[in-house]
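Notes follow once the structure below has been shown.
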Amino acid sequence: MWKSVLSGIILENIETLKHYQTMEVEHGNTVEEILQFVSGVIITLPWYFRFPVIILAYVIGMLCMFTTGHQLNMLSSEKRSLFLRRVQFIPFLGMLNKLVRSMAFLKLFDSLPLVPEYVNCANEMN
Amino acid sequence: MQNSILAQGDYTETTYSCQYLVVGTGAGGSVAGSLLAERGHDVIFLEEGGYYPTESYTSNISEMTSQLYRNQGVFPFLGKPTIAFAEGCCVGGGTVINGGLIWRTPSWVLDEWQNDYGLEGYSQKDLEKYFETVEKDMNVIKCESEEKENLDSLKLLKASEQLGWKYVMVPRAVKDCTSENLCPTGCPTGAKQSTLENYIPRALKNGARIFSRCRAINVVHSNGKAKKIIARIMGSKPKHIEISCDHLVLAGGAVQTPHLLSRSKISNMAGRKLQFHMNLKIVARFKDGINAEKGTIFTVQIQEFAREGLLITASNMKPHYIAMALSHYGNDVINSVLDSYQNMGIFALMIRPKSSAHVISRVGDQPIVLYRFDPEDLLKIKIALRRTATILFEAGAIDLYMPIAGMEKVTSLSDLDRKLDGLHPGKLEIITVHVMASCPMGPDPATSLINPDGKLWNMKNILVTDASILPSNIGTSPQGTIMAFAHEIINRHI
């Protein structure tokens with residue numbers, strides 16, 4: 001369940017990025033690759049950071065199931081955003097989001113977008 | 001060469017022996033090990049990370065981060081705010097993932113160590129010959145100002161001249177740099193001179209062996225002498241081996257070295273006052289294109305406020321790094337910034353803070369690092385942010401994105417002053433890449449752990465040659481200092 005929560009948080013963080021929206025590859029695969037990377041980072045964290053992060057993800061996952069009847073990553077964008085706004089009061093959720101967001105960006109930008117505007121610009125300057 | 005480097009699956013024995021066991025292959029360990037091997041000693045390097053030769057490096061930043069960094073680049077210092085410590089964990093250690101800056105220790109820092117900490121024998125004059133050797137070994141060159149590349153650094157240089165601020169061209173260990181801008185994830189062309197390009201091959205040529213993916217767990221000792229190390233081979237099926245040695249050289253870095261000493265019940269003072277630099281990044285938008293990705297990462301450093309503990313440089317530029325530096329902003333900001341990517345630059349300020357940390361080793365295999373944010377550092381950071389903003393606006397920046405959660409973009413100094421008012425430290429986005437002084441060297445066993453010969457006061461055969469031994473926070477990139485100290489310690493020892 002904790003990975004479905006991570007997947008939901010990843011989607012929440014990358015879905016509105018132009019880079020993600022214009023990627024030529026299948027979005028599901030990208031999210032899965034990012035999930036593998038981010039969960040890999042969490043698993044290698046020191047135990048005193050890893051366990052609270054995983055427990056927190058479980059708690060959010062349970063809350064999501066109880067309140068919406070679905071896993072976080074299965075919700076529509078609007079419902080997912082609404083749920084995450086409602087549970088913002090949970091301690092350390094901000095820290096979890098910060099960690100997932102940074103790591104997701106690190107992985108996401110290793111995949112080139114369909115319209116790599118900034119790459120084009122850079123090439124023009126050369 | 002590769003036959004001398006063991007990895008998982010290559011460890012056919014459970015016991016090994018050598019004259020010198022060197023824990024760590026970064027700046028301090030590789031210098032010590034190569035000098036010892038060159039003088040005919042039997043040397044084994046123990047390295048927790050894997051061996052990734054230069055030709056295996058790619059431009060895939062996430063993959064390289066996974067391979068070359070401890071915990072894939074995320075090691076938290078717990079406090080408010082939590083600080084992410086990025087530490088190299090591979091054969092070559094931090095030298096593989098740093099910017100290749102090799103500074104001589106500032107004379108005022110060495111004077112401070114002599115006058116305030118009583119450290120004799122490490123003056124500028126004493127270390128001169130070692131700096132010269134290191135600079136030759138690492139192929140250190142002074143970067144030159146260019147008009148086509150490194151325009152982010154050139155902007156800083158010109159603004160610095162306009163303001164009358166002191167700047168220097170950075171001395172870097174590079175050979176035929178092709179400006180890949182990938183220093184932090186391993187230079188794929190081998191242009192950046194990590195110890196993989198010089199000291200480690202020299203050690204291997206002289207018979208040294210490297211045990212990679214092998215973590216030192218415990219030092220077995222009796223009667224003030226280290227006898228052997230128990231080490232764990234990393235992997236899905238961990239296995240333990242024992243390595244007996246006549247002498248032990250610890251160079252696992254300023255967090256792991258005190259952790260090993262504490263766990264092994266050699267010193268309960270180790271790691272009590274870990275010091276570190278605070279790095280903050282500002283993303284700047286310029287009116288005209290600067291194409292910051294084209295060029296190497298640091299060519300100019302603003303040193304006007306170096307004695308107050310502030311250095312300013314351009315930082316490495318990739319979409320990944322921009323997005324991460326702006327991760328506390330919304331995606332609308334990141335989209336807008338990436339839309340004008342060629343006009344953007346990332347600038348780093350490095351602060352020598354008063355805050356210090358404590359390495360706790362009582363529970364589990366990994367150390368816990370706790371720190372307390374010293375209130376004086378808040379003022380220091382505010383001043384540093386203002387000074388950096390001053391030079392960036394002078395350089396032609398029109399918008400600045402600050403490393404502060406919840407702060408909107410800054411368009412002028414007065415705007416910044418208004419927004420910095422009432423700043424809470426918990427909002428700051430701080431990282432660190434330099435840690436030190438956790439097992440300080442000094443003349444008095446009551447106030448130091450290491451004697452001026454680099455040996456633990458309470459052990460006859462343990463040397464330490466990493467950043468742990470620096471008496472206090474150095475305030476600049478410590479690689480050159482660590483290497484020079486390692487030369488001096490090994491020369492005194494043999």
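Order of the sequence lines sets the chain letters (A, B, ...), proteins ahead of strands, with each chain counted from 1.
- Under a 3.5 Å cut-off, the side chain of B/Gln72 and the backbone N or O of A/Gly40 do form a donor-acceptor pair.
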- Take A/Glu12 and B/Asn331 through the test side-chain contact (heavy atoms from CB on, under 4.5 Å) and record every step on the way to the result. CA-CA 10 Å; A/Glu12 183 68 14; B/Asn331 285 2; over 6 Å; no
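- Looking at B/Val369, only its backbone comes within 4.5 Å of chain A, counting heavy atoms on both sides.
- Contact of B/Glu429 with chain A is made through the side chain alone, with heavy-atom distances under 4.5 Å.
- Looking only at side-chain heavy atoms (C-beta outward), A/Lys18 and B/Leu338 stay at 4.5 Å or farther from each other.
- Heavy-atom distances place the side chain of A/Leu99, and not its backbone, under 4.5 Å from chain B.
- Heavy atoms of B/Ser59 lying under 4.5 Å from chain A belong exclusively to its backbone.
- Environment of NE2 in A/His70: sparse, with no more than 12 heavy atoms of neighbouring residues, nucleotides or ligands closer than 6.0 Å.
- The minimum heavy-atom distance linking B/Ser62 with A/Phe37 is given by the pair O-CE1, 3.5 Å.
- A/Arg50 and B/Asn71 share no donor-acceptor pair across their side chains, judged by distance under 3.5 Å alone.
- Looking at A/Lys98, only its side chain comes within 4.5 Å of chain B, counting heavy atoms on both sides.
- To the nearest 0.5 Å, the span separating OG1 on B/Thr65 from CE on A/Met103 amounts to 8.0 Å.
- Going from atom CD of B/Glu63 over to atom CG of A/Asp110 covers 8.5 Å, rounded to the nearest 0.5 Å.
- Taking CG from A/Asn13 and CD1 from B/Ile334, the interatomic distance works out to 8.5 Å, rounded to the nearest 0.5 Å.
- At least one side-chain heavy atom of A/Phe49 sits under 4.5 Å from a side-chain heavy atom of B/Leu78.
- At a 4.5 Å heavy-atom cutoff, the contact between B/Pro367 and chain A is made by backbone atoms alone.
- Going from atom OG1 of A/Thr16 over to atom CG of B/Asn335 covers 6.5 Å, rounded to the nearest 0.5 Å.
- Here B/Ile368 contributes atom CD1 and A/Trp47 contributes atom CH2; the two are 4.5 Å apart, rounded to the nearest 0.5 Å.
- Heavy-atom neighbours of B/Glu408 CD from other residues, nucleotides or ligands within 6.0 Å: at or below the threshold of 12.
- Considering all non-hydrogen atoms of both residues, B/Gly330 and A/Arg101 come closest at C-NH2, 3.9 Å.
- Interatomic distance, NZ of A/Lys107 versus OG of B/Ser66, reported as 7.0 Å (0.5 Å rounding).
- Shown here for B/Ala323 and A/Phe109, the closest heavy-atom pair between the two residues is CB-CE1, 3.5 Å.
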